[in-house]
Every structure is written in C-alpha cells, then in structure tokens.
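Just below is one structure, and these are the notes that go with it.
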Amino acid sequence: MKIGEYEIPPDWESMTCIYNCGFILVWERGKSYSAGLQMDEHIRLSHPEPSSLFHWLRFWRKEY
C-alpha cells in the first residue's frame, strides 16, 4: 500500500491523522496493541479542541 510518497510493506499496517496534517503511524501487523492510543495522543496534543465558542468561531475558518 502507498500513502503519499511512502510505500508500506504488506506485513505492516498504517494509520493517518484524521486532520490530514501529515502524521502517519506505521506498525508491524500483530506487534502493536496501542496504535489507537498513540493516535489519540497525537490528536489530543497536536489538535486540541477549541476552549470556547468564541475561539471556535474565530479560528475555525482559518483551519478549513
């Protein structure tokens, strides 16, 4: 499988960030039980939720 310019071997799995920021998580099939937790941590740290409605209205347009 190919993700962007990276070729992921058949015995490996991958996951990309839902915010399309370029973060790719790759692990060997059957070797990681915490891939989802690692992706959740990336999303929590890199894409924090807006702190208030005003913040969301002010910055939402710039992100999309």
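Position 1 is the first residue of the sequence; numbering continues from there. Quantities reported herein were computed from a predicted structural model and do not represent experimental measurements.
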Taking side chain as C-beta onward, heavy atoms only, is Ile43 less than 4.5 Å from Tyr19? yes
Measure the CD-OG distance between Glu41 and Ser46 for me, rounded to the nearest 0.5 Å. 9.5 Å
If every non-hydrogen atom of Glu28 is compared with every non-hydrogen atom of Trp12, which pair is closest and at what distance? N-CE3, 3.2 Å
Asn20, CG: over 12 other non-hydrogen atoms inside 6.0 angstrom: no
Does a side-chain heavy-atom distance below 4.5 Å link His42 with Leu25? no
Under the side chain to side chain contact (heavy atoms under 4.5 Å, CB included) rule, what do Tyr6 and Ile24 come out as? Steps first, then yes or no, please. CA-CA 10 Å; Tyr6 301 103; Ile24 302 171; 3.8 Å; yes
Would you say Gln38 and Trp27 make side-chain contact, with heavy atoms under 4.5 Å? no
Verify the cluster assignment for Met15 and Ile18: are they in a single hydrophobic cluster under the rule of side-chain heavy atoms below 4.5 Å apart? yes
Taken to the nearest 0.5 Å, the spacing of Thr16 OG1 from Met39 CE works out to 6.5 Å
Any side-chain heavy atom of Pro10 sitting closer than 4.5 Å to one from Arg29? no
